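The shown structure was predicted, so the numbers you read here are calculated from the model rather than taken from an experiment.
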Amino acid sequence: MTPQTRFPRRMAVLAIALAGSTLVLGLGGCSVLGGGSDSYPTRYTLDAGSSNTADTSAPSSGYTLDLRPVSAPDWLGSKRMLYRLDYADNAQLSAYTQSSWADTPASLVGNNLGDALSRSGLFTAVLGDASGRADLALQVELSDFSQHFSSSTASRGRISATATLLRTDNGEVIAQKHFVSTAPASSANAVGGVSALAKADTQLDQDIRQWLAETLAHCGNACPAPKQG
C-alpha cells in the first residue's frame, strides 16, 4: 500500500483485526519476523513417525540398558529454536521469535532415542534410571541441534552428538563414537527446520542403534556378563 492510499475508517479497523489474527513465519533477509508483546510462539515436537519400528534383524543382546538423560551445552539448554547463517557467520546463533520447541533439545532427543532403543529388540529392557539393575549405561551429549542456512533459501537440520557406552558395575568405557546427522529442509523457515531436524533425529536414532548392535556383538571381555533375574 502506497502512502497516498486511504481506507475508510471501518475498513481500516477490519484490516487491523485480520492482521492481528494472522501468524507469519518467514525469513526476511534471514531475520525472522516477530509478533507483538501479546503473541505466543508456536511450539513443536520431534515427530519420530512410524520409522522407529522394531528391528527384528537385530538379535537381543541379553543386556538391560540404563539410558541416562541426554546432556547439552548451556546454549542448547532452552526451548529456543536456533538457526545459523553459515553463508554469513556460522559462529553466530539466532533464534526464531514466533516458533519454539515444546521441550529442550536434549529432552526431545532423549525421548525419541529411548523409544527407538526400546522398540529395537536389542535390549531386554531400557530402564532410563540409575537403579543399579542395568548391565550397561548409555550417555549421549549433544553438541549441535540447529538449522544451518547455506544461502537465504537453502538450509539443513543438523544434529551432532557423542555417545558413550559404559559398564555399570565398574564405570569403565566400552566404546565411544561421535555422530553427525543432517537432513535438508523443505522450506527456508521454522517449519522447514522442524521437519529437517525430525528427519535428522530419526537417522541419529538408527545410527546409534546400529553402532550399539555392532559394539555388543564384538566387545568380548570388555562387556560384562548379563545379570540374571
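Considering only heavy atoms from C-beta on, T104 stays 4.5 Å or farther from S78 through its side chain. A heavy-atom distance below 4.5 Å is not found between the side chains of L142 and T162. Taking the side chain as every heavy atom from C-beta outward, T64 and F123 never approach each other to under 4.5 Å. Counting only heavy atoms from C-beta outward, the side chains of L166 and I174 never approach each other to under 4.5 Å. The closest side-chain heavy-atom distance from V109 to D201 is below 4.5 Å. Between L212 and L165 the shortest side-chain heavy-atom distance falls below 4.5 Å. Residues T45 and V194 have side chains not in contact (no heavy-atom distance under 4.5 Å, counting atoms from C-beta outward). Within the 4.5 Å cutoff, the side chain of S107 has no heavy atoms near those of the W101 side chain.
A pairwise comparison of heavy atoms in S146 and D144 identifies OG-OD1, 2.8 Å as the closest pair. Smallest separation of non-hydrogen atoms from S160 and V180: OG-CG2, 3.8 Å. When every heavy atom of V191 is checked against every heavy atom of S187, the shortest pair comes out as C-OG, 4.3 Å. The heavy-atom pair separating A163 from F179 by the smallest distance is CB-CE1, 3.8 Å. Scanning all heavy atoms of the two residues, the minimum distance from A196 to G157 falls at CB-N, 3.5 Å.
Under the 30°/60° scheme for interplanar angles, the aromatic rings of F149 and Y83 are found to stand perpendicular.
Rounded to the nearest 0.5 Å, atoms CG (L204) and CG (L197) are 11.0 Å apart. To the nearest 0.5 Å, the span separating OG on S181 from CZ on R156 amounts to 9.5 Å. Put simply, CD on E141 and CZ on R68 are 13.5 Å apart, with the number rounded to the nearest 0.5 Å. Put simply, NE2 on H178 and OG on S143 are 4.5 Å apart, with the number rounded to the nearest 0.5 Å. Rounding to the nearest 0.5 Å places CG of L113 at 6.5 Å from CG of L138. In this structure, CD1 on I159 lies 9.5 Å from OG1 on T182, to the nearest 0.5 angstrom.
Linking Ile, Leu, Val, Met, Phe, Trp and Tyr whenever their side-chain heavy atoms come within less than 4.5 Å puts Y44 and L93 in one cluster. Note on Y87 and L82: same hydrophobic cluster, where clusters join Ile, Leu, Val, Met, Phe, Trp and Tyr whose side-chain heavy atoms are under 4.5 Å apart, directly or indirectly.
Between the side chains of D205 and N112, no donor N or O sits under 3.5 Å from an acceptor N or O. Side chain to side chain, Q139 and T164 fail the donor-acceptor criterion of an N or O pair below 3.5 Å. In the model, D86 has no side-chain atom that pairs as donor or acceptor with a side-chain atom of S150 under 3.5 Å. Side-chain atoms of S100 and R43 include no donor-acceptor pair closer than 3.5 Å. A donor-acceptor pair shorter than 3.5 Å can be found between the side chains of E214 and Q210.
Under a cut-off of 6.0 angstrom, the local environment of CZ in R84 is crowded, with over 12 non-hydrogen atoms contributed by other residues, nucleotides or ligands.
Judged purely by atom type and a 3.5 angstrom limit, S118 has no side-chain atom pairing as donor or acceptor with the backbone of V126. Side-chain atoms of S61 do not come within 3.5 Å of backbone N or O of L216 as any donor-acceptor pair. Within the 3.5 Å criterion, the main-chain N or O of Y63 finds a donor-acceptor partner in the side chain of T124. When atom types are taken as modelled, the side chain of Q203 and the backbone of A183 share no donor-acceptor pair closer than 3.5 angstrom. No side-chain donor-acceptor contact under 3.5 Å links S155 to the backbone of S151.
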Checking F145 against W75 for the ring-ring contact (aromatic ring centres under 6.0 Å, His included) test, could you report, in this order, the C-alpha distance in whole Å, the side-chain angles of both residues, the deciding distance, and whether it holds? CA-CA 10 Å; F145 186 91; W75 62 270; 9.6 Å; no

Could you walk me through whether R133 and L127 satisfy the side chain to side chain contact (heavy atoms under 4.5 Å, CB included) test, starting with their C-alpha distance in whole Å, then the side-chain angles of each, then the deciding distance to 0.1 Å, before giving a yes or no? CA-CA 8 Å; R133 294 175 294 166; L127 302 177; 3.9 Å; yes

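A salt bridge (Lys or Arg N to Asp or Glu O under 4.0 Å) check over residues 161-179, counting only residues at least two apart or in different chains, returns the pairs R167-D169.
The existence of a salt bridge linking R209 and D207 is excluded, since no basic side-chain nitrogen approaches an acidic carboxylate oxygen closer than 4.0 Å.
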